[in-house]
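Heads up, the thing below is written out as structure tokens.
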Amino acid sequence: MPGEAVTLQLGQYAGCVGAHWWGLQAAALRSPADGAELRAAALLRAGGGREAATPRLVALELKGLGRWPPTWIAPRPGAPRRGTPAATRRGRSPSARRPPRDPLPVTPQDAGASGRASAAAPGVALAPAPLVAPREASSGACVQLWSDYLNVHLHPRSLYVIRQYMHDGDCGCLEAFGQGESLLQDPGCLEELEDRLHFYVEECDYLQGFQVLCDLHNGFSGVGAKVTELLCDEYSGKGILTWGLTPVMSNMGDAQKNLYRLMNTALGIVRLSSHSSLFCPLSLSGSLGIKPQPPVAFPYINYNASLNYHSSAILAAALDTLTAPYRLHSSQGSMMHLADTLNFSGRKVVAAWASVPFPARCGYSLPDTLCAYQQDVPWKLLSSCREQKVSHCFAQSVVLRGICKESPTSSRPGEPPPSPLHACGSTEQILQRYLHAAFPGAFSTAHMLEQPCHTLPPYPQFFSPLLTRQGFLLNKPPGYSSAAVESIPVLAALQSSPVLHTLLYSLYKDVRKLNMGRWASFFSAGVEPDDFQEALEELRTLSQCYETGFEADESEDEADSD
């Protein structure tokens, strides 16, 4: 069985996605009827005594983020821990280790509430109530920061506030890649990060790797580049799955911010992918390039793309589904196994697709639903590219959750099945056959989960009135006020696909057109112009890994015209 993973959240938007993701874990633990197909211990460290279960998380943030929810107390000083302390490995006595710089307070209510364990996962319990009222959460009112809707407790070693920079401050924003890189070159900051990582790593029975959620559009892309380099050097052989996150940009009129975003993104993709086992850009923005494109639209979600609270909730549902293969009780596949199935031939960047929710109708079987989408898989590209329809990929990992594995088919006894899908003996076979027909020749792995994605508050209620409480589609809205949607089925995939040539090469062309002389301030932050040009060529080389015959001809024509 695959072991534990340590998660890192680097940046404000990464915190938004992470807050919803941890909320989804808490909601799943409060719904024990699903059979607990996903192992809570893969992401959460079990509590004991006065200490509650908490995410195995290190989150880097800036000053000025307002209030934080109370957390459980840290382990008692001098408590025994497995492994050799990191301080001893560096040649100092354990007593010389500095305490965390930002310990968070513990309230009496927190201490008294500990020990409430979920029936779904003994020894694992999370915060029982959201911090944001459901009505406020649905509209986005009063929700500004991810701390506003984080409804699980964090361990005091989780949050590390970077004091050199202010969140959205007039002086000292972390806006350039070089600024982020320089932070991790500070011995004090690096030591603090290492100590927090070692704390979580050393209590793992078997560490399978790291999940890195990283802002791609600002200076945290530079932080992520150094963090993944550190992980790659210090934890060789462990999986590093990195998710480069970008919110839907609402203000494209600020020329400097827009150009900084472009250059941060280009550098981030190159550096993060080089040090990761697998890298996936994840965003609802229609484009990562210079020209804004409409955000991704979902047929059964009415979300406000300008609210990070809304967009990050959709990405969190996709992320929770995409990462299921190495968190299943029944699977022997680890993070490295997932990466190895997708990243061959230098293709370490993958694209994400998702159907949130999957359009399963009440009373219909899975073959009935999939037969309605034989010409076009019902999912949306979540990796910021204009090309939305893909009929070819090199390899893919697909997860469909929230569908009963014993769903009846619509064929009657004695009658021939209406389609080859109806002749399959199991839902796993149905999904595999569908994928082989939709993507002939591709290497496809598929997982089916009965456990849905739970959407309890503070997850926003932005769903269509056509959805039932379980997220299944009705033919028409009910004649009464529908109840809140408590869970949804989700279809999600990671693909090594030619669409990535379009994404990466378009970004390369946009950055290449910039007049670097006008943006000396970006390079004064620490990135050398020659290093930037080298990274730009690496981006072009990376894009060529995903070329097919048509894309290669197109690239040559464009190069000749330059």
Lys/Arg N to Asp/Glu carboxylate O, [X] vs [Y], below 4.0 Å:
{"X": "Asp215", "Y": "Arg261", "answer": "no"}
{"X": "Glu4", "Y": "Arg56", "answer": "no"}
{"X": "Arg361", "Y": "Asp368", "answer": "no"}

- Message: Check whether Tyr206 forms a cation-pi arrangement with Lys238 (NZ or CZ under 6.0 Å from the six-membered ring centre, at most 45° off the ring normal).
- Response: yes
Return yes if a side-chain donor-acceptor contact under 3.5 Å exists between [X] and [Y], otherwise no.
{"X": "Ser444", "Y": "Gln396", "value": "yes"}
{"X": "Gln12", "Y": "Asn218", "value": "no"}
{"X": "Gln9", "Y": "Trp146", "value": "no"}
{"X": "Tyr326", "Y": "Gln211", "value": "yes"}
{"X": "Ser334", "Y": "His337", "value": "yes"}
{"X": "Ser283", "Y": "Thr246", "value": "no"}

- Message: Angle between ring planes, Tyr13 versus His217, binned at 30° and 60°: parallel, tilted or perpendicular?
- Response: perpendicular
- Where does the angle between the aromatic ring planes of Phe462 and Tyr459 fall among parallel (under 30°), tilted (30 to 60°) and perpendicular (over 60°)? perpendicular
- What are the two closest heavy atoms between Ala27 and Leu456, and how far apart are they? CB-CD1, 4.0 Å
